[in-house]
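Beneath this line is the structure, given in structure tokens, with notes to follow.
Every value quoted in this text rests on a predicted model; they were computed, and no experiment measured them.
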Amino acid sequence: MLTPPRTVVRREAGLYALERALQRRGFRYVAGADEAGRGACAGPLVAAAVVLPEGRRGEIDGLADSKLLTPTSRERIHDEVVERALAYAVVVIPADEVDARGLHVCNLAAMRRSLASLTVRPEYVLTDGFGVDGLGVPGLAVWKGDRVAACVAAASVLAKVTRDRIMVDLDAEHPGYGFAEHKGYITAEHTAALRERGPCREHRFSYVNVAAVSGLDDRPPRSRRPLGASREEPMERSGAAGGTVGVALGEQPRPPAPVGEDVVMEGGVR
């Protein structure tokens with residue numbers, strides 16, 4: 001039996017080349033997934049999945065890795081992705097769940113949930129950095145995928161903008177930490193505020209720097225969160241939170257998929 005010729009997609013071919021190559025091979029619906037907030041020591045982990053339409057409608061002016069865009073550009077592109085996408089989904093994992101289950105497990109679970117919640121079933125999945133199994137469709141983990149594949153870049157923008165909006169809201173709830181400025185990442189200002197005020201319930205106590213200022217660094221990471229520091233009610237922000245899913249084209253969201261225990265898979269840390 002003859003095997004199909006190997007497809008080579010070069011980086012210089014542009015952000016849409018990989019999806020177009022897959023579509024030419026018969027994979028019409030290509031989904032991209034990415035996350036925001038892995039490196040932050042406060043706030044949620046947010047994952048998003050996006051299926052862009054074929055052709056010109058799926059080409060969004062200025063689309064790029066969210067980290068390379070200005071806040072104004074991210075907001076504009078976010079709105080365009082929501083308007084044009086065949087389907088999109090956003091999943092939010094709060095800080096206490098990250099502490100309880102571990103960052104890598106939550107990261108994979110969030111991407112899996114976002115992909116499983118798409119109302120358009122993808123025929124091929126591209127993820128940024130980490131492979132996600134159990135999807136029932138072929139997929140590829142792409143190194144720096146948010147700079148290589150348009151659907152992954154679009155997912156990175158949705159995840160980043162959603163998380164940034166949440167952190168601005170959390171700044172009003174927990175003033176003094178500067179969440180609206182540094183978005184929960186480790187900066188000199190954030191470190192100084194942690195030392196002065198101690199952590200709030202939105203901090204990740206499993207992280208070394210938070211555990212150190214809370215005096216709980218002698219405990220195992222998953223048992224550091226003190227009683228009373230977990231959420232009493234689910235998040236309700238920006239129309240999507242705590243696993244709530246938003247779907248494009250005015251379709252009703254699917255119920256969030258339950259998060260079971262996940263197998264920790266190999267992958268780099270970003």
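Here the shortest heavy-atom pairing between S114 and A89 reads O-CB, 3.3 Å. For L118 against A49, the heavy-atom pair with the smallest separation is CD2-O, 3.7 Å. Between P220 and R224, the shortest heavy-atom distance links the atoms O-CG, 3.3 Å. Closest heavy-atom contact between L63 and A150: CD2-O, 3.5 Å. Taking all atoms of both residues into account, the shortest heavy-atom contact from A64 to L69 is O-CD1, 3.7 Å. Annotation for G131 and A141: closest pair N-CB, 3.5 Å, computed over non-hydrogen atoms.
Take A180 and apply the side-chain contact (heavy atoms from CB on, under 4.5 Å) test, not counting sequence neighbours, and it matches V168, D171. Applying the side-chain contact (heavy atoms from CB on, under 4.5 Å) test to A48 and every residue at least two apart in sequence or in another chain returns V90, A155, L158, A159. Residues that satisfy the salt bridge (charged side-chain N to carboxylate O under 4.0 Å, His left out) test with R195, not counting sequence neighbours, are absent from this structure. Partners of Q23 under the side chain to side chain donor-acceptor pair (under 3.5 Å) rule, at least two apart in sequence or in another chain, are R20. Shown here are the ring-ring contact (aromatic ring centres under 6.0 Å, His included) partners of F27, two or more places apart in sequence or in another chain: Y124. For H190, the side chain to side chain donor-acceptor pair (under 3.5 Å) partners two or more places apart in sequence, or in a different chain, are H203. E54 meets the salt bridge (charged side-chain N to carboxylate O under 4.0 Å, His left out) test with R28; sequence neighbours excluded. Every residue was checked against the side chain to side chain donor-acceptor pair (under 3.5 Å) condition with S223, not counting sequence neighbours, and none meets it. In this structure, the side chain to side chain donor-acceptor pair (under 3.5 Å) partners of S206, at least two apart in sequence or on a different chain, are D99.
V132 and V137 fall within the same hydrophobic cluster, defined by Ile, Leu, Val, Met, Phe, Trp and Tyr side-chain heavy atoms under 4.5 Å apart, directly or through other members. The same ILVMFWY cluster, assembled from side-chain heavy atoms under 4.5 Å apart, contains both V120 and V125. Under a hydrophobic-cluster definition in which Ile, Leu, Val, Met, Phe, Trp and Tyr are linked whenever side-chain heavy atoms come within less than 4.5 Å, directly or via other members, V152 and L140 are assigned to the same cluster. Side-chain heavy atoms closer than 4.5 Å link hydrophobic residues (I, L, V, M, F, W, Y) into clusters, and following such links, possibly through other members, connects V213 to L216.
Judged by distance alone, with hydrogens and angles left aside, the side-chain atoms of E202 form no donor-acceptor pair with the main-chain N or O of L170 at under 3.5 Å. Counting only distance, with no hydrogens or angles, the side chain of R163 and the backbone of P44 share a donor-acceptor pair below 3.5 Å. Between the side chain of S156 and the backbone N or O of S66 there is at least one donor-acceptor pair closer than 3.5 Å.
Within the 4.5 Å cutoff, side-chain heavy atoms of L68 are placed close to those of R147. Side-chain contact between L194 and P199 is present, with heavy atoms from C-beta onward closer than 4.5 Å. Side-chain contact between L103 and R38 is present, with heavy atoms from C-beta onward closer than 4.5 Å.
Within the structure, no pair that satisfies the ring pair (Phe, Tyr, Trp, His ring centres under 6.0 Å) test touches residues 153-174, not counting sequence neighbours. For residues 70-79, the side-chain hydrogen bond (donor to acceptor under 3.5 Å, both in side chains) pairs, not counting sequence neighbours, are T70-S73, E75-R165, R76-E80. Judged as a side-chain hydrogen bond (donor to acceptor under 3.5 Å, both in side chains), the pairs with a partner in residues 207-219 (not counting sequence neighbours) are, in order, R204-Y207.
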- Query: Between L52 and I60, does a side chain to side chain contact (heavy atoms under 4.5 Å, CB included) hold up when you go through it step by step?
  - Reply: CA-CA 10 Å; L52 293 172; I60 298 170; 4.2 Å; yes
- Task: Check the pair D133 / R112 against side chain to side chain contact (heavy atoms under 4.5 Å, CB included), numbers first and verdict last.
- Result: CA-CA 8 Å; D133 66 356; R112 187 178 293 115; 3.2 Å; yes
- Message: Between I93 and R113, does the side chain to side chain contact (heavy atoms under 4.5 Å, CB included) criterion hold? Intermediate values first, please.
- Response: CA-CA 11 Å; I93 306 293; R113 284 169 62 179; 3.4 Å; yes
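Taking the six-membered ring where the residue is Trp, Y177 and F179 present parallel rings, their angle staying beneath 30° rather than reaching 60°.
Rounding to the nearest 0.5 Å gives a distance of 10.0 Å between CG of L115 and CG of L126. Going from atom CZ of R25 over to atom CD of E123 covers 15.0 Å, rounded to the nearest 0.5 Å. Note that CG of L86 and OG1 of T119 are 8.5 Å apart. Values are rounded to the nearest 0.5 Å. Rounded to the nearest 0.5 Å, atoms SG (C151) and OH (Y16) are 10.0 Å apart. Within the model, atoms CG of L135 and CE of M111 stand 9.5 Å from one another, a figure rounded to the nearest 0.5 Å.
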